[in-house]
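A short worksheet on the structure shown next.
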Amino acid sequence: MAETKYIFVTGGVSSSLGKGIIAASLAKLLQARGFKTTIQKLDPYINVDPGTLNPYEHGECYVTEDGAETDLDLGHYERFLNVNTSQANNVTTGRIYQSVIEKERRGEFLGKTVQVVPHITNEIKERIQLLGRNGEYDMVITEIGGTVGDIESLPYIEAVRQLKWELGDENALVIHLTLVPYLAAAKELKTKPTQHSIKTLMESGIKADILVCRTEHELSDDIRRKLAIFCNVRQEAVIQSIDASTIYDVPNLMLDEGLDTVVLKKLSLPNTSVPDLERWNKFLHRHKNPKYTVNIGLIGKYVELQDSYKSILESFIHAGAENEVRVNVESIHSEFINETTIRNKISHLDGVLVAPGFGERGIEGKIDAVRYARENNIPFLGICLGMQMAVIEFARNVLKLKNANSTEMDSRTTHPVIDIMEEQKSITHMGGSMRLGSWKCELTEDSLVKSIYNTNTIKERHRHRYEYNNKYKSEMEQAGMKSSGINPETGLVEIIELEDHPWFVGVQYHPEYKSTVATPHPLFIAFIAAAVVYSKEKNSANVAHKQ
Ligand code: GLN
């Protein structure tokens, strides 16, 4: 294909309509037709990246191979497309301004007054086109965060307007996602909010080419016609996006609505291929027809907000489908776990996952949960802080190192089994300064993880400051906590596992960032498989007991 095509996705009426899922679903359909496709998210907030944000703000911070701390929508993009994203795929207003201000300080604007138009808008346009420039992609889908009409979205909307004009109708199009609410009292779907949203977009000089309407009820032909005429789009370009039971249904729903067909037509591309969704639909079938159910406890402290652990929850869906089981995730707040509540909260579970996190709040509950899983042979997976908690628990209760801790929680602990890295000690600024992105790890012979990954060296993504303290390594190993994954460059322990336990693994990295529909993560697959074995054994023991 000669030129890269640009598709912009804007949102109106309300936030949280699922722009990311619509963008990812369209990308999936285009990819399934053979187009090389990538997705980009532009976020209108002033943080340079979401790395410094509390998970309660925007949910999980997703990490890419190149170590960018990004919006969680990039996780959806990778899970849907099975293609890596990078720093270039997520740009915030903070990053745009930072770069413009740095250019100004270097004198690159030659004495001109630096302004939102053209300097900020040019920088936005540059960031959008950067992805399309090296010929790697046929299609670049750019999702504009926020809602049309927001003050902070204005420079982005203006950049899109200019780009659409510069690139021409055959090379760029705008999809506007809105909400068509249902008024129960009137028993009617209402189009007015969408009309107003389109009007706001028009005031900025942009005519939407395609309208995607989130709705709880089917859009009738009458409603579609009304939306088309008042919003200035062809009727075939009014696409219904009805609530789905799983986000993984959305590509097929968009296919049925003809979203990809309308896109190809608008971009003057031949509609010759048929989307190949075989692998995708096989996954969906398995996901929807489980043969067994396991209960997994997700022990964390941001459990009130499901988005905080998005990638972990999605990894369970992928691994569940692979095992043909339903993974029922029970979110358990670690602050409410203590010696009296632990049995009640954990004993019925078939697997325990102790989640990543930062700071002191809720960590004693996590340590209690590790202990319960270790002593009762319940399959256990500890991720990042979860792995660190497993090390602390082992040091305290097996090695009897009273007060063993991480220096993150107790800087004066007598037994810093988890400690800050030397090079981290001098760091004073918070943004982008952790151990981030993809690192190599060598797996130890005869370890459980080696049999799971079935290879010698793996690469996994990190996001942390503190590390396993090698001073305690031989003591830990002798007592049965094996270091089964080592960073070949630094000698840092990346994986621990227990000898006398059927399935107990702690990983310093985040496997959840690499699980996709096409390649579910081996650790999650094995963890769920172990939970199935544990659950079946528990059930048959119960039956035997009753007989
Ligand atoms: N707070 C821990 C550290 O910085 C763990 C981080 C995490 O779980 N992502 O090392």
Side-chain angles (χ1 to χ4, degrees), residues 1-10 19-40 76-78 80-83 85 89 125 128-144 160-177 206-213 219 221 224-225 227-228 231-241 248-282 284 517-518:
M1 210 165 77
E3 259 183 287
T4 304
K5 310 275 185 182
Y6 293 87
I7 299 169
F8 302 101
V9 183
T10 60
K19 272 195 304 261
I21 301 298
I22 293 295
S25 300
L26 172 61
K28 184 76 228 169
L29 294 179
L30 294 173
Q31 184 195 52
R33 283 173 178 270
F35 295 104
K36 286 195 245 69
T37 308
T38 188
I39 321 181
Q40 177 186 44
H76 290 308
Y77 306 163
E78 290 203 6
F80 273 51
L81 298 183
N82 202 33
V83 171
T85 55
N89 295 73
K125 279 158 51 181
I128 294 170
Q129 287 179 294
L130 196 68
L131 281 172
R133 212 159 268 153
N134 58 9
E136 207 182 321
Y137 299 110
D138 303 321
M139 308 269 191
V140 176
I141 302 180
T142 300
E143 176 192 346
I144 315 285
V160 170
R161 186 194 68 75
Q162 291 183 18
L163 263 183
K164 214 181 163 219
W165 182 83
E166 284 166 15
L167 294 164
D169 283 348
E170 288 190 358
N171 296 316
L173 66 79
V174 172
I175 298 177
H176 191 57
L177 173 66
I206 295 179
K207 182 188 155 324
D209 299 284
I210 298 172
L211 198 58
V212 178
C213 305
L219 301 181
D221 277 349
R224 286 176 192 252
R225 200 171 312 119
L227 282 163
C231 298
N232 238 334
V233 296
R234 300 186 66 82
Q235 195 168 326
E236 61 177 16
V238 175
I239 305 290
Q240 157 185 299
S241 169
Y248 297 106
D249 271 338
V250 181
N252 282 313
L253 291 173
M254 291 302 107
L255 180 68
D256 295 345
E257 282 286 307
L259 176 61
D260 55 332
T261 313
V262 185
V263 164
L264 293 182
K265 200 164 155 187
K266 294 258 172 213
L267 295 173
S268 302
L269 290 169
N271 183 5
T272 42
S273 54
V274 181
D276 175 8
L277 290 171
E278 201 188 318
R279 173 73 184 87
W280 186 271
N281 287 334
K282 211 166 134 194
L284 258 185
V517 166

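This is a predicted model, so every value here is computed, not measured.
Looking at heavy atoms from C-beta onward, Asn281 lies in side-chain contact with Asn252 at the 4.5 angstrom threshold. Side-chain atoms of Leu219 and Leu227, non-hydrogen and from C-beta on, do get closer than 4.5 Å to each other. Contact annotation: the side chain of Val263 never approaches that of Leu29 to less than 4.5 Å [non-hydrogen atoms, C-beta and beyond]. For the pair Met254 and Asp260, the minimum side-chain heavy-atom distance is 4.5 Å or more. At a threshold of 4.5 Å between non-hydrogen side-chain atoms, the residues Met139 and Ile7 count as touching.
Distance CD1/Ile210 to CZ/Arg234: 12.0 Å, rounded to 0.5 Å. For the atom pair CD1 (Ile239) and CG (Asp256), the distance works out to 10.5 Å, reported to the nearest 0.5 Å. Note: Ile39 CD1 to Thr85 OG1 = 9.0 Å, rounded to the nearest 0.5 Å. Rounded to the nearest 0.5 angstrom, Ile175 CD1 and Leu259 CG are separated by 5.0 Å. To the nearest 0.5 angstrom, Thr272 atom OG1 is 8.5 Å from Leu264 atom CG. Rounding to the nearest 0.5 Å places CG of Leu267 at 7.5 Å from CG of Asn171.
The heavy-atom pair separating Val83 from Gln31 by the smallest distance is CG2-NE2, 3.6 Å. Of all the heavy atoms in Ala24 and Tyr77, the pair that sits closest is CB-CD2, 4.2 Å. Heavy-atom minimum distance, Ser273 versus Arg33: O-NH1, 2.8 Å.
Remark: side-chain polar atoms of Lys5 are paired, donor with acceptor, to backbone N or O of Glu170 under 3.5 angstrom. A donor-acceptor contact shorter than 3.5 Å links the side chain of Thr4 to the backbone of Tyr137. Between the Arg279 side chain and the Val517 main chain, a donor and an acceptor come within less than 3.5 Å of each other. Proximity of a side-chain donor or acceptor of Asp138 to a complementary backbone N or O of Thr37 within less than 3.5 Å is not detected. Of the possible donor and acceptor atoms, none in the side chain of Trp280 sits under 3.5 Å from a partner among the backbone N and O of Phe80. Judged purely by atom type and a 3.5 angstrom limit, Glu143 has no side-chain atom pairing as donor or acceptor with the backbone of Val9.
Taking a cutoff of 4.0 Å between a charged side-chain nitrogen and a carboxylate oxygen, Asp209 and Lys164 qualify as a salt bridge.
The residue from Arg161, Gln129, Lys125 that alone fulfils the side chain to side chain donor-acceptor pair (under 3.5 Å) condition with Glu166 is Lys125.
Using the six-membered ring where Trp is involved, Tyr6 and Phe8 have ring planes that are parallel, under 30° apart on the 30 and 60° scheme.
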